[in-house]
Q: 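Questions regarding the structure given below will be posed in turn.
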Amino acid sequence: MEEDMKFNTKTIHGGQQHDPAYGAVMTPIYQTSTYAQSIPGKHKGYEYSRTHNPTRNALENAFASLENGKYGLAFGSGLAAIDAVMKLLKPGDEVISSNDLYGGTYRLFTKIFEDFGIKFRFVGLNESSNVERFVTEKTKLIWVETPTNPMMNIIDIKAIAEVTKKHNILLAVDNTFATPYLQRPLDLGADIVMHSATKYMGGHSDVVMGALIVKDETLAKQLYFIQNASGAICGPQDSFLVLRGIKTLHVRMQRHCENGEAIARYLRNHPKVDKVYWPGFEDHPNHHIAKAQMDGYGGMISFSTKEDSLQGAVNVVQKLKIFTLAESLGGVESLAGHPASMTHASIPKEEREKTGIKDSLIRLSVGIEDINDLIIDLEQALS
Ligand SMILES: Cc1ncc(COP(=O)(O)O)c(C=O)c1O
């Protein structure tokens with residue numbers, strides 16, 4: 001039954017059952033840390049909420065369903081989810097990572113896990129053929145973000161998965177920007193899908209959360225062990241909010257895509273705009289891959305102004321009225337960010353600039369407001 005459901009039905013019903021206690025249609029918030037036992041060790045499936053919680057479990061099942069996985073795991077943040085993946089590794093292991101990725105992920109890799117003896121190679125993966133020459137006997141994981149944050153590069157998941165399968169390496173994909181509405185990495189051969197559920201999955205900018213989804217039982221057991229042993233779980237209230245957010249993921253994403261496209265095209269024709277980065281443009285270097293592996297192009301856009309300076313970008317973002325200048329993305333409201341000083345400030349300037357993150361770059365998370373209002377707002381800010 002579940003396997004036959006279309007995506008738009010899965011967002012509402014995938015992995016869900018009515019609450020066994022009273023038949024509540026929406027899974028209640030089980031705000032409890034512990035559960036009664038009738039005799040030592042005899043309980044109703046739940047012992048302690050770090051290990052399991054019914055509200056979190058309902059959400060984890062929804063994550064698994066949407067990504068066509070078998071096992072979902074929810075964490076206290078996206079970075080806590082990435083941290084759990086890294087704990088699969090041992091000192092001496094090597095990771096190949098796309099070089100254009102969220103600044104916090106880069107910071108976690110280089111400032112925390114390098115100190116534990118894990119070696120990272122940051123590689124441009126726009127050409128998937130690039131990856132194999134960096135594989136050594138010690139490579140255990142390839143980490144990919146696509147579309148990348150903030151340059152909107154597209155990486156060919158299927159082509160990278162062929163390399164990881166050949167060399168018996170794990171492939172993890174950060175699917176935060178695309179969401180399973182647009183891209184399902186497990187179907188393309190990835191082993192682990194990761195989300196900052198803070199973003200589109202939650203969708204309302206009111207929760208910080210992370211998710212992992214896998215198909216393989218052994219891998220799932222290792223990750224559940226780490227989730228419980230390290231304890232970076234999310235609480236029942238936040239689980240409820242994200243579960244509720246997911247129920248409208250498909251309708252929100254449809255509008256994010258429509259508004260995103262209209263704004264990308266508007267910016268491209270604007271005399272004060274230099275470059276617009278959006279994978280839906282036919283001349284985007286990897287548009288053909290985006291077209292093949294995604295069902296749409298999403299609501300994330302980056303652009304640079306012709307006044308190629310920090311001040312040029314600051315002038316624009318400060319004038320915006322409906323777009324809020326803020327960190328984060330993926331909520332119903334439109335946000336604007338300045339990657340060099342905000343989301344990617346933790347990456348050294350020389351490294352940032354190598355991947356194109358100039359001081360004049362602005363990133364937009366296009367929300368689901370009326371498109372005319374959004375364009376009027378950009379028009380007055382750019383004028
Ligand atoms: C692509 C991507 N991955 C991971 C993260 C980290 O997630 P969180 O902020 O939920 O820890 C972010 C946060 O902005 C992100 O944009």
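Only heavy atoms go into these numbers, but all of them, side chains included; no hydrogens, no water, no symmetry mates. Nothing here was measured: the structure is a model prediction, and the numbers come from that model. Remember, it's 1-based here, ligands and their atoms both numbered in the order they're listed.
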Q: Is it true that Tyr35 and Ser49 share a donor-acceptor pair across their side chains at a distance under 3.5 Å?
A: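 Per modelled atom types, Ser49 and Tyr35 side chains form a pair under 3.5 Å.
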Q: Using only heavy-atom distances, determine whether the side chains of Glu333 and Thr324 contain a donor-acceptor pair under 3.5 Å.
A: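 Looking only at side-chain atoms, Thr324 and Glu333 do not form any donor-acceptor pair under 3.5 Å.
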Q: Is it the case that Lys358 and Ser304 place a side-chain donor and acceptor less than 3.5 Å from each other?
A: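 No - no donor-acceptor pair under 3.5 Å links their side chains.
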Q: Just checking, is any N or O donor in the side chain of Ser128 or Asp156 under 3.5 Å from an acceptor N or O on the other one?
A: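 No pair is found: no donor N or O on one side chain lies under 3.5 Å from an acceptor on the other.
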Q: For the ring pair Tyr224 and His52, is the centre-to-centre distance below 6.0 Å?
A: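 No.
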Q: When you pair each N or O of ligand 1 with protein N or O atoms, which pairs come out under 3.5 Å?
A:
from, atom 1, to, atom 2, distance (Å)
ligand 1, 3 (N), Asp174, OD2, 2.6
ligand 1, 7 (O), Ser196, OG, 3.0
ligand 1, 10 (O), Gly78, N, 2.9
ligand 1, 10 (O), Ser196, OG, 2.8
ligand 1, 10 (O), Thr198, OG1, 2.6
ligand 1, 11 (O), Gly78, N, 3.0
ligand 1, 11 (O), Leu79, N, 2.9
ligand 1, 14 (O), Lys199, NZ, 2.6
ligand 1, 16 (O), Asn149, ND2, 3.2

Q: For the ring pair His256 and Tyr200, is the centre-to-centre distance below 6.0 Å?
A: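 Ring centroids of His256 and Tyr200 are less than 6.0 Å from each other.
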